[in-house]
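Right, one structure below, let's go through it.
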Amino acid sequence: MKIVTWNVNSLKVRLPHLLDWLAATQVDVVCLQEIKCEEKSFPFAELEAAGYQAVASGQKTYNGVAILARSETCGEIREVQRNIPGFEDEQRRVIVATVGGVRVVCGYFPNGQAVGSEKFEYKLRWLTALTDWLREELALHPQLVLGGDYNIAPEDRDVTTEWHDEIHVSVPEREAFRALIALGMTDAFRLFEQPEKLYSWWDYRMMAFRRNVGLRIDHLLVSTALRDAVRSCVIDKAPRKLERPSDHAPVIVELETVL
DNA sequence: ATGTCGATCGCTGATCGA
């Protein structure tokens with residue numbers, strides 16, 4: 001079973017890329033972020049024709065998340081939930097569903113803009129709410145994957161140049177990431193020997209992709225119960241090389257589970 | 001710190017968020 005996280009930065013613009021990529025990779029579950037569309041304009045029909053069921057939580061212009069499940073292998077998408085329970089938020093950043101026996105949490109974590117800003121405070125509040133809720137969710141669903149654009153680079157090796165106290169790498173953000181790990185979650189990417197300087201996001205500006213100036217901010221955390229089932233975790237840079245790419249590359253984890 | 005990109009409003013570009 002292959003589970004993916006991919007911030008597509010507008011599903012409308014990226015749908016051709018996504019459909020080509022799904023056809024080529026045949027992955028089972030996809031967590032999408034920044035779909036930037038409401039459910040009423042979500043391309044359910046196109047995805048269904050490509051062999052995928054979908055659930056989405058979207059809004060105009062900003063944010064928006066979705067989970068895709070390959071019909072042939074996953075069966076029905078069940079127990080769908082939108083947003084973090086008890087956390088009032090008009091921003092659509094979380095969707096959760098049970099797919100093929102795995103509880104899949106798809107999150108578009110707040111960017112935070114700048115350390116100390118109002119948006120940064122919101123990011124930290126959001127992270128606390130997510131962590132508190134996830135603790136309960138793990139008790140109910142031990143087989144859980146948290147995939148998303150975390151907007152946090154957990155360690156210095158996840159960053160091109162050594163930044164400190166900047167957004168994405170600041171101490172409070174990294175502490176929040178470690179709080180998620182402390183729930184019993186494991187960063188699937190770090191279970192394996194990986195190439196150096198491999199990132200999941202590159203700024204559109206400054207020729208960042210060509211210079212490989214990036215951040216590893218898209219992650220797939222797996223729960224304790226799934227840890228030993230992880231077979232691989234890779235970042236696929238290929239879609240970032242296409243015309244009109246998303247600024248993020250998809251991250252893929254392969255689990256050995258019965259579907 | 002920002003040379004790009006995407007969406008919106010609503011006009012043919014400015015503004016915002018990332």
Side-chain angles (χ1 to χ4, degrees), chain A residues 5-21 30-43 46-47 56-66 83 89-95 106-127 130 147-154 156 158-170 172-174 176-177 199-219 235-251:
Chain A
T5 183
W6 194 3
N7 179 325
V8 290
N9 187 18
S10 170
L11 183 54
K12 187 182 174 196
V13 173
R14 230 63 68 192
L15 187 61
H17 283 14
L18 177 64
L19 294 174
D20 288 349
W21 192 80
V30 186
C31 298
L32 297 176
Q33 300 89 35
E34 283 203 89
I35 63 171
K36 296 186 177 178
C37 67
E38 296 176 296
E39 277 119 290
K40 63 184 179 196
S41 47
F42 189 90
E46 291 89 336
L47 286 162
S57 179
Q59 63 187 101
K60 273 190 186 174
T61 315
Y62 308 118
N63 312 312
V65 285
N83 291 341
D89 195 354
E90 72 269 12
Q91 299 184 43
R92 305 300 189 100
R93 297 184 173 278
V94 174
I95 190 163
C106 171
Y108 175 48
F109 294 38
N111 175 288
Q113 198 170 51
V115 175
S117 68
E118 212 168 282
K119 285 174 182 168
F120 184 74
E121 295 307 317
Y122 163 72
K123 182 176 194 172
L124 296 183
R125 281 202 315 280
W126 189 95
L127 283 159
L130 178 76
D149 173 0
Y150 286 55
N151 273 311
I152 301 172
D156 287 343
D158 300 314
V159 182
T160 304
T161 45
E162 279 209 21
W163 298 348
H164 294 287
D165 307 319
E166 297 287 339
I167 196 69
H168 306 308
V169 304
S170 72
E173 289 166 90
R174 285 180 168 176
F177 185 86
Y199 310 113
S200 67
W201 173 85
W202 303 260
D203 201 308
Y204 284 124
R205 296 167 291 188
M206 311 290 286
M207 295 187 291
F209 184 69
R210 213 187 313 174
R211 292 160 53 222
N212 196 31
V213 176
L215 300 172
R216 193 177 70 91
I217 54 176
D218 299 272
H219 309 295
I235 298 172
D236 185 1
K237 285 172 75 169
R240 188 64 175 77
K241 298 173 186 171
L242 302 172
E243 289 282 311
R244 283 240 281 179
S246 167
D247 42 357
H248 295 254
V251 187

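Each chain gets a letter, A, B and so on, in the order the sequences are listed, and its residues count up from 1. No hydrogens, no waters, no symmetry mates; every other heavy atom, side chains included, goes into these values.
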Which residue, A/Tyr62 or A/Pro245, contacts DNA chain B at a nucleotide closer to its 5' end, judged by nearest heavy atom?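 So the residue in question is A/Pro245.
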DNA chain B: 5'-proximal contact among A/Met207 and A/Gln91 (nearest heavy atom):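 It is A/Met207, whose closest nucleotide lies nearer the 5' terminus.
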Could you state the atom-to-atom distance from [atom1] of [X] to [atom2] of [N] in whole Å?
X	N	atom1	atom2	result
A/His248	B/dG17	NE2	C1'	12 Å
A/Trp202	B/dT2	CH2	P	24 Å
A/Met206	B/dT4	CE	P	10 Å
A/Asn63	B/dG6	CG	C1'	13 Å
A/Asn9	B/dG17	CG	P	15 Å
A/Tyr204	B/dA1	OH	C1'	20 Å
A/Leu11	B/dG6	CG	P	13 Å
A/Asp149	B/dA18	CG	P	11 Å

Taking only the P atom of each, what is the distance from B/dT15 to B/dA1 in whole angstrom?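 The answer is 22 Å between these two P atoms.
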Sticking with atom C1', work out how far B/dG10 lies from B/dA14, rounded to a whole angstrom.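 Each nucleotide's C1' atom is 11 Å from the other's.
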Salt-bridge present (A/Asp156, A/Arg174; N to O < 4.0 Å):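 A salt bridge links A/Asp156 with A/Arg174.
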Closest nucleotide among [options] to the [X] side chain:
X	options	value
A/Lys36	B/dA7, B/dT4, B/dT8	B/dA7
A/Thr61	B/dT8, B/dA18, B/dT4	B/dT8
A/Lys119	B/dA18, B/dT8, B/dA7	B/dA18
A/Asp203	B/dG6, B/dT2, B/dA18	B/dT2
A/Ser10	B/dG6, B/dT2, B/dT8	B/dG6

With a cut-off of less than 4.0 Å, is there a side-chain N or O of A/Arg205 near OP1 or OP2 of B/dA18? no
Below 4.0 Å: OP1/OP2 of B/dG6 and any side-chain N or O of A/Arg244: yes
Please verify the inter-ring angle class for A/Phe209 with A/Trp202; under 30° counts as parallel, over 60° as perpendicular, anything in between as tilted. perpendicular
Hey, does A/Tyr108 reach any base, or is it just sugar-phosphate, or nothing, if we go heavy atoms under 4.0 Å?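 Result for A/Tyr108 = sugar-phosphate.
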Given A/Lys123, which partner from the list A/Gln113, A/Glu173, A/Glu118 fulfils the side-chain hydrogen bond (donor to acceptor under 3.5 Å, both in side chains) test?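 Of A/Gln113, A/Glu173, A/Glu118, side-chain hydrogen bond (donor to acceptor under 3.5 Å, both in side chains) with A/Lys123 is met by A/Glu173 alone.
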Taking the side chain as every heavy atom from C-beta outward, state whether A/Ile217 and A/Phe109 have any atom pair closer than 4.5 Å.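 No. Closest side-chain heavy atoms not under 4.5 Å.
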Is a side-chain donor-acceptor pair under 3.5 Å present for A/Asp236 with A/Trp21? yes
